[in-house]
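Okay, structure first, notes after.
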2 protein chains.
Amino acid sequence: MSTPTLYGNPRSGHSYKVRLALQLAAIEHNYVCIDLSVPRKQRPTNFRAVSRFGEVPVLVVAKNTLCQSNAILQWLAEHYPKLAVPEEQQAVVREWLSWESNRIGFSVSNLRYSLTMKAAPTPVNHWLAERACADLDTLNQVLSTQKFLAGQHFSIADIANSAYLWWLADAGLAIADWPNVQSWLARIAAQQRWQHPDQLMIDPSASA
Amino acid sequence: MSTPTLYGNPRSGHSYKVRLALQLAAIEHNYVCIDLSVPRKQRPTNFRAVSRFGEVPVLVVAKNTLCQSNAILQWLAEHYPKLAVPEEQQAVVREWLSWESNRIGFSVSNLRYSLTMKAAPTPVNHWLAERACADLDTLNQVLSTQKFLAGQHFSIADIANSAYLWWLADAGLAIADWPNVQSWLARIAAQQRWQHPDQLMIDPSASA
């Protein structure tokens, strides 16, 4: 397969999911940072040509142009054996990817964005914080009886659901309040080649 | 395959997605309504036994207990030929399912719930309405050049993304403001066996 190119951004947990999957599976790839402070219609032409909505992440791989982080994770799991999901776990992995999009990947990411960018009024932040806490409660309960979200083995479901939790303090929340989630994050961080988003997502052109 | 059982609720667009898929594919099934006004821990024992989080929908089919509406749609598409997604459209269908969970299936459903149940303060409703309008703008733009979300053919992506739009007026929005979305809804409603959620989701035990 040709070398994939990932368009992403250091502050995007959705971009981080994809780069972490590539990193964990040791898949060589190009990583191009897109400046999200530039309005969508003014972003680079080569990026706009491949991005359906002007959003990150986009992965260009083997003649495919893929967007939506959890859809990309599913594609990668189907094409790279190191990320493969066993047949009997596919339904539960898809459940967790779907849950993530609607719950923790919404609540924590939007709360963090709003608090760090002063983007929304206080009642919205309270509403998002309430949802984020409910979502962390759900994860904490599930992780009281199992090591990873699909059961005993690490999967793309763990990559997706943990993505924004490395920045939980930015959302004004303390991971210690959800001890099973905290232990699960430690198990994820112990995966070979794992890196924190603040390291993994550094813009390569800025550090050159 | 044994007769599937769907646990759902007449006000849940996520439940409607699943029942509509079963209906369009003429898949015989049982439909059990769960009263969402009853706290999760007090819902019927047989429902709690199969529901991971006490939420609807849940589909019990062929020894599988499936939750999360878009994950259920993917499972159905893999197991029933009438709902099958052609190989070359699988990536784009997954993108739209993922987008739905995080965008229109979040914004419109939460806005409708908040307005009809007086659930959230006004600034939250404004914030949700702004998101809902942005999401409808996205759909309207895409549907200016194609008949359905995956291209020329109806798919589970259309089932998912349209689910809450039949109730757009409950969310204080007028479909006429997004004419391409309105035309697309008419194309969906023209599918053989299609039914509006207010008809399809009637509680069978209440009407008996």
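Numbers restart at 1 for each chain; the letters A, B, ... are given by sequence-line order, proteins then strands. Every heavy atom of this structure was used, including side-chain atoms; hydrogens, water molecules and symmetry mates were not.
- Interface remark: of the candidates A:Pro123, A:Cys67, A:Gly105, A:Cys67 forms the most heavy-atom pairs closer than 4.5 Å to chain B.
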Checklist entry - Could you go step by step and tell me if B:Leu128 and A:Trp127 meet the side chain to side chain contact (heavy atoms under 4.5 Å, CB included) rule? => result CA-CA 11 Å; B:Leu128 287 169; A:Trp127 186 80; 4.0 Å; yes

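- By the 6.0 Å contact criterion, NE2 on A:His196 is enclosed, its count of non-hydrogen atoms from other residues, nucleotides or ligands being greater than 12.
- With a threshold of 4.5 angstrom between heavy atoms, A:Trp75 approaches chain B through its backbone and through its side chain.
- Listed here is the closest heavy atom pair of A:Arg131 and B:Asn110: NH1-OD1, 3.3 Å.
- Shown here for B:Ser98 and A:Ala71, the closest heavy-atom pair between the two residues is OG-N, 4.2 Å.
- A:Ser109 does not touch chain B: none of its heavy atoms, backbone or side chain, sits under 4.5 Å away.
- In A:Gln146, the CD atom is crowded: over 12 heavy atoms of neighbouring residues, nucleotides or ligands sit closer than 6.0 Å.
- Looking at B:Thr65, the atoms closer than 4.5 Å to chain A (heavy atoms on both sides) all sit in the backbone: N, CA, C or O.
- Of the atoms belonging to A:Ile72, not a single heavy atom falls under 4.5 Å from chain B.
- Looking at A:Val142, only its side chain comes within 4.5 Å of chain B, counting heavy atoms on both sides.
- Atom CD of B:Glu88 has more than 12 neighbouring heavy atoms from other residues, nucleotides or ligands inside a 6.0 Å radius.
- Heavy-atom contacts from other residues, nucleotides or ligands closer than 6.0 Å to OH of B:Tyr113 number 12 or fewer.
- The aromatic rings of A:Phe106 and B:Phe106 sit parallel, their planes meeting at an angle under 30°, below the 60° perpendicular limit.
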Checklist entry - Going through the distances and angles, do B:Gln74 and A:Gln90 end up as a side chain to side chain contact (heavy atoms under 4.5 Å, CB included)? => result CA-CA 11 Å; B:Gln74 288 182 75; A:Gln90 284 188 4; over 6 Å; no

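- A:Arg94 and B:Glu78 get closest at one heavy-atom pair: NH1-OE2, 2.7 Å.
- Side chain to side chain, A:Asn102 and B:Arg103 fail the donor-acceptor criterion of an N or O pair below 3.5 Å.
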